[in-house]
Amino acid sequence: MSFKGIVRELMEMKDGIGNLSRRGFEMRNWRSRARSHIAPDQAPSDAVEQGQWAHLPPELLLDIIRRVEASETSWPARAVVVFCAAVCRSWREVTEEIVQTPEQCGRLTFPISLKQPGPRDSPIQCFIKRDRATSTFRLFFGLTPSEDENDKLLLAAKKIRRATSTDFVISLVADDFSRASSAYVGKLRSNFLGTKFTIYDSQPPCDEAVKANCRSSRRFHSKQVSPRVPACNYSIATICYELNVLRTRGPRRLHCVLHSIPISSIQEGGTAPTPKSFPQSTFESFSLPPASQGLKYPAISFSSTTLSESEPPSEVSGEPLTLKNKAPRWHEQLQCWCLNFRGRVTVASVKNFQLVAAVEPHHNVPAAEQEKVILQFGKIGKDIFTMDYRYPLSAFQAFAICLSSFDTKPACE
């Protein structure tokens, strides 16, 4: 039997067990409706591992998952790797041990990969679809949209206008933008003029050296939600667009200060903070999202057992990394500003930009790192934009920065 056949049999067996458990739960729930007591919301016990596949010899299990991970390198086929992690605890632990981070292998596998830095050598290429009617933005993995629209959804955002600001709520799914949901991963908030934006993460930075510099704010009152849902936002970055009221400075100019990434990450031998998992999350609950989203792999339900408490900001020893947009050149024949997007951008737009590191001589950053484009964003069609990012940015951070370009900026252009 092939590896794909084995995984397919495992998923069918898992679905059958889930259906039986669901019917039993509905019967127990019907019998206990008259009870008045309220039980605490607790994560299901994972002490029991169902099925014969949980007791494979460790050497055989390691070899199987290594072969599956090496053979399925692109989506949607790479969903088989996620299926392996959904079988039971032993399979999950082996899969997590084998699968590398995007920085190491250049591939996205689990949802936590969206919070981890991209590869150093070549960028991860994605594209964004904008829906004007619903004010939503969806980030997909791949060069360009496929003809059958069966692209892999990475993140989704919804634009919400308020009296004095605009919010972009970012989620793992395209149909749930509630900040009380386990799919919520962060948000982007602008000021009244649309010149300053703040990126908020739903989880605290994993690096203790930079965690103190990230302000946190409560998303909602702790009594309004389940204790398994994190209740804080952590400020991890600030984006500023320079004023250009008279329109004499040319294209937009922006600076992005990444409080959660130290500048030492791009120095010789430096590393960027890399979260290994969502805070106090469980990796046990898998469910298939609607087919209309074009996904062919299980979405993971994350939970938290405690509420995050706000911490006052304090000074840190490391200087945060700052990004600036690469200056375009004026093309005399075309009579416009131009940048070399290497074929990834085909339509002129005020939203197009490239971000590089803003460094000083005393930072001791190699010349190659100073010229490297860390984030590239541009238009290729009506409501379709490309987004290419690399180390030290994550997909979530890059997506949030690109969302700031969609907000109205009458004072900057």
Side-chain angles (χ1 to χ4, degrees), residues 128-139 155-204 213-226 229-247 249 251-260 307-313 325 349-351 353 377 383 385 387 396-413:
I128 298 174
K129 283 186 176 181
R130 174 177 59 181
D131 190 334
R132 296 176 183 267
T134 59
S135 298
T136 57
F137 306 84
R138 290 176 293 171
L139 176 67
L155 293 168
K158 184 175 181 62
K159 184 178 181 179
I160 302 175
R161 294 186 179 274
R162 306 188 185 279
T164 59
S165 63
T166 301
D167 283 358
F168 291 85
V169 180
I170 305 175
S171 173
L172 289 171
V173 296
D175 57 355
D176 185 5
F177 296 99
S178 171
R179 285 176 291 177
S181 170
S182 59
Y184 173 82
V185 294
K187 70 176 181 179
L188 175 74
R189 169 167 290 183
S190 74
N191 62 357
F192 178 74
L193 294 177
T195 58
K196 184 177 181 179
F197 296 79
T198 304
I199 301 176
Y200 293 94
D201 198 338
S202 62
Q203 67 182 96
N213 193 39
C214 300
R215 297 175 180 270
S216 60
S217 60
R218 188 164 294 278
R219 286 154 51 188
F220 33 69
H221 196 275
S222 60
K223 295 182 179 179
Q224 297 176 351
V225 297
S226 166
V229 179
C232 280
N233 282 312
Y234 296 85
S235 173
I236 61 170
T238 303
I239 308 168
C240 295
Y241 287 81
E242 294 185 11
L243 293 176
N244 189 17
V245 179
L246 300 179
R247 300 184 179 181
R249 295 185 178 181
R252 294 175 178 175
R253 298 182 182 180
L254 67 98
H255 285 79
C256 179
V257 181
L258 302 166
H259 305 295
S260 60
L307 287 174
S308 302
E309 296 296 333
S310 300
E311 298 179 0
N325 60 316
S349 173
V350 69
K351 297 179 176 61
F353 65 79
F377 174 77
D383 296 325
F385 303 80
M387 186 195 86
F396 164 71
Q397 294 165 341
F399 185 45
I401 295 174
C402 293
L403 288 174
S404 69
S405 185
F406 288 105
D407 198 24
T408 305
K409 301 173 183 60
C412 301
E413 54 193 38

*Are Asn233 and Tyr184 linked by a side-chain donor-acceptor pair shorter than 3.5 Å?*
yes
*With rounding to the nearest 0.5 Å, note down the distance linking CZ in Phe399 to CG in Leu155.*
6.0 Å
*Hey, what do you get for CG (Leu258) to CD1 (Ile239), rounding to the nearest 0.5 Å?*
8.5 Å
*Distance-only, no hydrogens or angles: does the Ser165 side chain make a donor-acceptor pair with backbone N or O of Arg189 under 3.5 Å?*
no
*For Ala156 and Arg138, which heavy atoms make the closest approach, and how far apart are they?*
CB-CG, 4.1 Å
*Passes side chain to side chain contact (heavy atoms under 4.5 Å, CB included), Asp383 versus Lys129? Steps please.*
CA-CA 6 Å; Asp383 296 325; Lys129 283 186 176 181; over 6 Å; no
*asked:* Quick check: closest heavy atoms across Phe396 and Ile170, and the distance to 0.1 Å?
replied: CE1-CD1, 3.7 Å
*Between Phe177 and Ser171, what is the shortest heavy-atom contact and its length?*
CD2-CB, 4.0 Å
*Between Phe197 and Tyr241, how do the two ring planes meet: parallel, tilted or perpendicular, split at 30° and 60°?*
perpendicular
*Phe406 vs Phe137 aromatic rings, parallel, tilted or perpendicular, using cut-offs 30° and 60°?*
tilted
*asked:* Strictly distance-based, threshold 3.5 Å: is any side-chain N or O of Asn191 a donor or acceptor partner for the main-chain N or O of Lys196?
replied: yes
*Test salt bridge (charged side-chain N to carboxylate O under 4.0 Å, His left out) applied to Asp167 and Lys159, Arg162, Lys158, Arg161, the passing residue*: Arg162
*Heavy-atom side-chain contact between Phe377 and Ile401 under 4.5 Å*: no
_Please check: side-chain N/O of Thr166 versus main-chain N/O of Ser190, any donor-acceptor pairing under 3.5 Å?_
no
*Should Cys402 and Ile128 count as side-chain neighbours, where that means a heavy-atom distance under 4.5 Å?*
yes
*Going by atom types alone, do Arg252 and Ser405 pair a side-chain donor with an acceptor below 3.5 Å?*
yes
_Rounded to the nearest 0.5 Å, what separates atom OG1 in Thr136 from atom CG in Asp131?_
4.0 Å
*Walk me through it: do Leu188 and Asp407 pass the test side chain to side chain contact (heavy atoms under 4.5 Å, CB included)?*
CA-CA 11 Å; Leu188 175 74; Asp407 198 24; over 6 Å; no
*asked:* Please report the interatomic distance CD1(Ile199) to OG(Ser260), rounded to the nearest 0.5 Å.
replied: 8.5 Å
*Euclidean distance, Asp201 CG relative to His259 NE2, rounded to 0.5 Å*: 13.0 Å
*side chain to side chain contact (heavy atoms under 4.5 Å, CB included) between Gln397 and Cys256, worked out*: CA-CA 11 Å; Gln397 294 165 341; Cys256 179; over 6 Å; no
